[in-house]
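As structure tokens, the structure follows; a few thoughts come after it.
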Amino acid sequence: MRLLERILLCRVAAAALALSASLILAPGTRAQSLPRLPKATPVALPSPTPTPEPVPEAPDSPRASARAFIDLTARKGDFKGAARYLQLPAGEEARGPDLARRLRAVLQRYLDIDLDALSPLAEGSGQDGLPQGVDTVGAVPDGHGDQDPVFVVRTRDAGGTYWAFSRQTVSRIDGWYDGLPDRWVRDWMPERLQRSGPGGLLLWQWLALPALLVLALALGRVLGAFTTAVLHRLFRKTPTEWDERLLERTSPALTLLWAVVVAAALLPWLALLPEAHRSVRSLLGGLATVAVFWALWRSVDVWAQFLMERPWARDNPSARSLLSVARNLTKAFVAIGGVVATVAAFGYPVATVLAGLGIGGIALAFGAQKTIENLFGSVALAADEPFRVGDFVKIEDFTGNVERIGMRSTQIRTLDRTLVSIPNGRLSDMRVEDFASRDRIRFAATVSLVYGTTEEQVRRVVSGVEAMLRSYPKVWPDTVVAKLAALSPSSLDVEVLCWFQTSDFGEFRDFRQEALLGIMRIVEDAGTSFAYPTQAVHVVRPKAGKPPA
């Protein structure tokens, strides 16, 4: 049977070697030697949408003409050259530069032309429903709640073909310009300062903005000092002091808030463009939010100090520790709320910020798990108050005085004068025995009298010890025990038990010493003595004539 298996294995191996050799040595006949597989049917994949190629901008297109007009008026201040792009009525050629300047002002205020939306073709856009050779670049408010379209038309002159603002548009320039809120500035401001600068502001606005900020800060400081003086005079008449402390701590934030109010009142004099005006208003709103939360953040210290000076917290170290923790947590919450509110005032989506804070809070919770556990442990210790600083405590295997209760750990000075630090997270779950909270300390002793003490002597000792203990003013009178407790193998045991009304262990040692000396005196006066462990051996002699067993 094994021979047959070996033969079959040899034949299979020979066939495999022959097949491999045929594949390697005769690649041309590989298709004939292998069985044919069915051809796979190709799957038609969706072809990607081709990206339209950008259309080149023709030099005589609406886009090129609008770009040239904006460059000449807003950047170069060449209004004489820009007048070429206005279809001026007959006899109005001399007003061409002034009309170009006025149209520049109107477009800066109401219409920010999107050059990419204009047609790059020489013949203009044929899909806007307008006649051939007429395009629109936007609309301008007419002052009555409607919009006036701004048209450009295809024009030809000696320089070639181009696009110019239509006569209808040119005829409305004066009306649009008279309705501008900053017309009074543009009429007397030098033209060089009316050119566009970075950030959507004109050059004169960039020069006026720092001056406005300095003026706002100066007036805010004056108004803040005046408000502080008035409130200080009013608060001085009140019997409390916390209001004056609160005013002193929040006066810088009050000055900043007054500066923001003054800047908001002076802002219309800058005549900013709409987009720049919204940005500056957003900045002022953010600064006002910062001022409010700054005042809240600084007032937390005042309220914490006010609470720490209350009678229930002045002599309570645990309450003071709890207030310290609550103050830090409150300031953290105020800071986080201020950041979120400031971001919202700047116009950013608050939901995204809150989601980021949530993810960051989860990561912080995982990374600082032990720290947070110890922090909440310190809060639990301050709330439950199982011990105070200076108390003599026993915690598991440690015995000593509490030296410090911190945010993370509690330090205990042991009897060997070593310092043991226990994390508050663990300490809040451990068994704590506080000796300092005792209202009285137990005194227990066993008085052992020698055998041979008579009943009368025992009674004299018992009654004398009880009378002696009750004579002490510090002994708790409800429970004083002096009783014969047991007949031990080597003594007569008298149980002595009482409580001294003191929590000072040093004072208790003095009381205990006097009690023990009194017991010694009573025993001596009774005519007996204290027993000590003894063992009596009785030897029995045998009778005469009888051998011992």
Check your understanding: Between atom CG of Leu103 and atom CZ of Phe79, what is the distance when rounded to the nearest 0.5 Å?
Key -> 10.5 Å
Practice item. Taking Arg63 for its side chain and Asp116 for its backbone only, find out whether a donor-acceptor pair lies under 3.5 Å. Key: yes
Check your understanding: Which is it for Val170 and Leu88 under the side chain to side chain contact (heavy atoms under 4.5 Å, CB included) test, yes or no, and what are the steps along the way?
Key -> CA-CA 7 Å; Val170 172; Leu88 299 172; 4.1 Å; yes
Exercise for review: Working to the nearest 0.5 Å, report the span between CG of Leu99 and CD of Glu93.
Suggested key: 11.0 Å
Point to revise | Contacts of type salt bridge (Lys or Arg N to Asp or Glu O under 4.0 Å), residue Arg278, not counting sequence neighbours | key: Glu275
Review point. How long is the gap from NZ on Lys80 to CG on Leu72, to the nearest 0.5 Å?
Key: 13.0 Å
**Study point:** Sidechain-backbone polar pair: Ser61 side chain, Ala64 backbone, donor-acceptor under 3.5 Å
**Key:** yes
Review point. Judged by modelled atom types alone, do Thr255 and Arg221 share a side-chain donor-acceptor pair under 3.5 Å?
Key: no
Review point. With a 3.5 Å cut-off and no angle check, do the side chains of Asn424 and Thr410 form a donor-acceptor pair?
Key: yes
**Study point:** Closest non-hydrogen atom pair between Ala82 and Ala100, with its separation
**Key:** CB-CB, 4.0 Å
Point to revise | Pairs satisfying side chain to side chain donor-acceptor pair (under 3.5 Å), at least one member in residues 279-296, at least two apart | key: none
Point to revise | Rounded distance [0.5 Å steps], CG in Leu107 versus CD1 in Ile113 | key: 4.5 Å
Review point. So how far is it from Arg101 CZ to Arg95 CZ, rounded to the nearest 0.5 Å?
Key: 9.5 Å
Point to revise | Minimum side-chain heavy-atom gap Asp135-Ser119 below 4.5 Å | key: yes
Revision key, fill the gap. When rounded to the nearest 0.5 Å, the distance separating CG of Asp178 from CD1 of Ile173 is 12.0 Å
**Study point:** Residue that, paired with Tyr85, satisfies ring-ring contact (aromatic ring centres under 6.0 Å, His included) out of Phe165, Tyr162, Trp163
**Key:** Tyr162
**Study point:** Residue pairs, two or more places apart or on separate chains, that pass salt bridge (charged side-chain N to carboxylate O under 4.0 Å, His left out) and touch residues 330-349
**Key:** Asp301-Lys331
Revision key, fill the gap. Closest non-hydrogen contact found for Lys237 with Arg233 is CG-O, 3.7 Å
Point to revise | Backbone of Val153 reached by a side-chain donor or acceptor of Thr155 within 3.5 Å | key: yes
